[in-house]
Amino acid sequence: MLQLNYIRENKDEVLKRLAIKNFKDAETIINKVMELDNARRASQKEGDAIKAEANAIAKQIGELMKSGKKEEAEIQKAKTAELKQKEKQLDESLKGIEDEIHKLLVQVPNTPSTKVPAGKTPEDNEVVFEHGAKPTLPPGSVPHWELTTKYNLIDFELGVKLTGAGFPVYKGKGARLQRALINYFLDKATSAGYMEIQPPIMVNEDSGYGTGQLPDKEGQMYHVQIDNLYLIPTAEVPITNIYRDVILKESDLPIKNCGYTPCFRREAGSYGKDVRGLNRLHQFDKVEIVQIAHPDKSYETLEGMREFVAGILKELELPFRTLKLCGGDMSFASALTYDMEVWSAAQQRWLEVSSVSNFETFQTNRLKCRFKGADGKTQLAHSLNGSALALPRIVASLLENNQTPEGIKLPKVLVPYAGFEIIN
RNA sequence: GGAGAAGUGGCAGAGUGGUCGAUUGCGGCAGUCUUGAAAACUGUUGAGGGUCAUACCUCCGGGGGUUCGAAUCCCUCCUUCUCCGCCA
């Protein structure tokens, strides 16, 4: 959520930036917000004045009662009836205005950073880095959903029986590979200074709200209605919410956390080849990295996170590229996002395996995650996160890219974790 | 799940209807002293709104109510603790 004061003071700049995100109703909404904000402040002033008067009278009554002047106290009491009524009215109208502002404000996406390229569709994303050669597969090579069956690694049909589509069952070396990847990713992150967190995988409404899944994206999460809890779509939600309503010390920054969790996504409305095999699932595993950074350092931090993820992909010997997302393809909350895509050799397409973003103060404003600076003032910190990494598409490309007539060869770095070199 | 008790500032802990945004201690910060540190002493130290700046307003687990006035009384929800039950 954008900061009201920031919008008020930088309205033109905000509108200009929102245009890069192709946010259509920006001007209408922002103007309305500013109008309401003026009303809010006027209403607040008026209400405060009445409350001040009522407080003063109450104080007088107290003094009169103490000195035994009951009759005078009664006279004063009579005066408060009208004030009380007005006070109630103004409180209600103020609350109404604030709710309305809030309702509008949550519809406004984050302003993109100045580094974000203009553009509307994924084709307008900027390739900033590319690494590794696309392998030429031996004849007879097949996509991962055939390999998983051939080597009995993942049973999609069994998942349907147990739960439904998009809930695969990993078996044997397939299961072991999951465990290997999770441990490998966590080891990489912890040795890069991220503290490992094992959070709950269900969160309450406040947390869903804090990271922006609620109120608008409610339908994308599984909701346990009897207890009003949500299954997390990513570890970002519980981990970032650790810092909700927290005032940090400047010396605490940057905070670096990582965590492995299963992730649950309803993904209503997707179809076709995009969802085949491991390409898109309702439940999948992911290691997430989260940082809370000083506003002056957050873009440095973002680059560091991008490098970190790239380092993992290099070790996994997967061809990948890094995209800087254009305004139109960025997520609602992000100020700058890099997507990392690995080459899926059998599908002949790029698969997104990581998304690394700086949210600046967009999340922390909602979260009220602040720090006390050297000047003693509290200000909002910046929040960032990235996948490091999501497993399914990594598995898909590992299987596809490394298939040989003898079997699927694991990259060296995974062998100690998996306990085997080849799947055959 | 049943019965009881409790939730106050970073922490501990007073406050049970009036000038309390809150005594005090610890911690933090600044200063004095010291070559430096520690100790001791002095001062300072919650958040949000509002204002050019003051003033002023709101917040004592969340929400609602009673009252001229609520940290204090009532209702409700949440959380924690104790006992019982169940249990990986």
Side-chain angles (χ1 to χ4, degrees), chain A residues 1-9 33-102 104-105 198-210 214-215 224-230 238 241-253 255 262 292 361 363-381:
Chain A
M1 190 164 69
L2 292 176
Q3 291 166 265
L4 197 49
N5 287 342
Y6 180 81
I7 300 176
R8 197 193 303 153
E9 282 156 28
V33 166
M34 290 296 94
E35 204 178 288
L36 286 164
D37 184 41
N38 289 334
R40 183 194 118 247
R41 284 188 289 168
S43 178
Q44 167 112 31
K45 259 190 194 171
E46 204 182 336
D48 283 359
I50 286 168
K51 279 178 189 166
E53 202 181 335
N55 286 346
I57 292 175
K59 214 175 240 184
Q60 278 176 29
I61 292 172
E63 279 159 14
L64 289 170
M65 298 290 259
K66 232 179 206 172
S67 50
K69 299 175 184 164
K70 288 219 168 97
E71 278 160 39
E72 284 180 51
E74 288 305 321
I75 295 169
Q76 293 291 65
K77 270 194 200 182
K79 287 206 261 180
T80 59
E82 194 192 349
L83 287 176
K84 267 184 91 173
Q85 191 148 9
K86 261 196 205 164
E87 192 181 321
K88 203 169 180 183
Q89 272 175 15
L90 284 165
D91 273 352
E92 271 167 30
S93 93
L94 180 63
K95 192 168 184 305
I97 294 169
E98 282 173 344
D99 286 352
E100 226 176 311
I101 291 176
H102 187 259
L104 290 171
L105 228 41
Q198 204 175 94
I201 59 173
M202 287 205 251
V203 293
N204 59 26
E205 257 180 301
D206 284 348
S207 295
Y209 174 79
L214 297 176
V224 180
Q225 285 176 15
I226 193 166
D227 293 307
N228 197 25
L229 295 173
Y230 295 87
N241 270 284
I242 292 172
Y243 306 98
R244 167 154 53 85
D245 291 322
V246 166
I247 299 178
L248 299 156
K249 282 180 280 184
E250 192 167 14
S251 57
D252 291 337
L253 303 175
I255 286 173
I292 309 291
T361 60
Q363 277 186 332
T364 53
N365 186 31
R366 276 202 189 198
L367 291 163
K368 296 202 179 62
C369 169
R370 293 156 292 177
F371 69 95
K372 201 177 274 253
D375 55 358
K377 282 187 185 165
T378 49
Q379 56 174 309
L380 294 172

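A, B, ... follow the sequence lines: proteins, then strands. Residue 1 opens every chain. Side-chain atoms are counted along with the backbone in the values below, which use heavy atoms only and exclude waters and symmetry mates.
Here, B:rG4 and B:rA22 have their C1' atoms 30 Å apart, quoted to the whole Å. Remark: the separation of the P atoms in B:rU42 and B:rG48 is 31 Å, to the nearest Å. Spacing between B:rC73 and B:rG2 at atom C1', rounded to whole Å, works out to 28 Å. Spacing between B:rC57 and B:rG50 at atom P, rounded to whole Å, works out to 16 Å. Rounded to whole Å, the C1' atom of B:rA37 lies 15 Å from the corresponding atom of B:rU32. Rounded to a whole angstrom, the distance from the C1' atom of B:rU82 to that of B:rA14 is 24 Å. Nucleotides B:rG62 and B:rC78 are separated by 7 Å at their C1' atoms, to the nearest Å. For the C1' atoms, the distance linking B:rC60 with B:rG10 amounts to 16 Å, nearest Å.
Applying the Watson-Crick and G-U wobble criteria (two distances, each under 3.5 Å), B:rC41 pairs with B:rG31. B:rU72: no Watson-Crick or G-U partner with both key distances under 3.5 Å is found in any strand. Using N1 to N3 plus N6-O4 or O6-N4 for Watson-Crick, or N1-O2 and O6-N3 for G-U wobble, each under 3.5 Å, B:rA3 pairs with B:rU82. In this structure B:rA12 sits in a base pair with B:rU24, meeting the Watson-Crick or G-U test at under 3.5 Å. Nucleotide B:rU66 has no partner under the Watson-Crick or G-U criteria, as no pair reaches both atom distances under 3.5 Å. Applying the Watson-Crick and G-U wobble criteria (two distances, each under 3.5 Å), B:rG46 pairs with B:rC59.
Note: CD (A:Q76) to P (B:rU19) measures 17 Å, nearest angstrom. We find that CG of A:D227 is positioned 13 Å from C1' of B:rC78, with the value rounded to whole Å. Atom P of nucleotide B:rC68 and atom NZ of A:K70 are separated by 15 Å, given to the nearest angstrom. Rounded to an integer number of Å, the gap from CD of A:E250 to P of B:rC29 is 14 Å. Whole-Å rounding puts the A:N38 CG to B:rG50 C1' distance at 14 Å. Look at CG on A:N204: it is 13 Å from P on B:rC78, rounded to the nearest Å. B:rU79 atom C1' lies 13 Å from atom CG of A:D206, rounded to whole Å. Rounded to whole Å, atom P of B:rC57 lies 11 Å from atom CD of A:E87.
Under the 4.0 Å criterion applied to side-chain N and carboxylate O atoms, A:E74 and A:K77 are assigned as salt-bridge partners. A salt bridge does not link A:K95 to A:D91: none of the charged nitrogens lies less than 4.0 Å from a carboxylate oxygen.
Of the candidates B:rU51, B:rC68, B:rC57, B:rC57 carries the atom nearest the A:Q44 side chain, counting heavy atoms from C-beta on. Between B:rG48, B:rG69, B:rU51, one nucleotide has an atom nearer to the side chain of A:K45 than all others, and that is B:rU51. The side chain of A:A52 sits closest to B:rC56 out of B:rU19, B:rC56, B:rG50. If you check B:rU58, B:rG49, B:rU51 against the side chain of A:K51, the one that comes closest is B:rU58. Taking every side-chain heavy atom of A:R8 into account, B:rG50 is the closest of B:rA47, B:rG50, B:rG69. Each of B:rG48, B:rG46, B:rG50 was ranked by its minimum atom distance to the side chain of A:K372; first place goes to B:rG46.
Using modelled atom types, one side-chain atom of A:T364 and one backbone atom of A:A381 make a donor-acceptor pair closer than 3.5 Å.
The minimum heavy-atom distance between A:M34 and A:R8, with the atom names listed, is SD-CA, 3.6 Å.
Between A:E63 and A:T80, the one whose closest nucleotide on RNA chain B sits nearer the 5' end is A:E63. Two residues, A:R40 and A:I61, neighbour RNA chain B, and the one matched to the more 5' nucleotide by heavy-atom proximity is A:R40.
For the pair A:L36 and A:V33, the minimum side-chain heavy-atom distance is 4.5 Å or more. Contact of the A:N204 side chain with the A:L229 side chain is registered, since non-hydrogen atoms from C-beta on lie closer than 4.5 Å.
Between the side chain of A:N55 and the base of B:rG69 there is no donor-acceptor pair of N/O atoms closer than 3.5 Å.
Look at A:S43 and you won't find any side-chain N or O under 4.0 angstrom from OP1 or OP2 of B:rG49.
Using a 4.0 Å heavy-atom distance criterion, A:L83 is classed as making no nucleic acid contact.
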Problem - Working for side-chain hydrogen bond (donor to acceptor under 3.5 Å, both in side chains), residues A:Q85 and A:K88 - result: CA-CA 5 Å; A:Q85 191 148 9; A:K88 203 169 180 183; over 6 Å; no
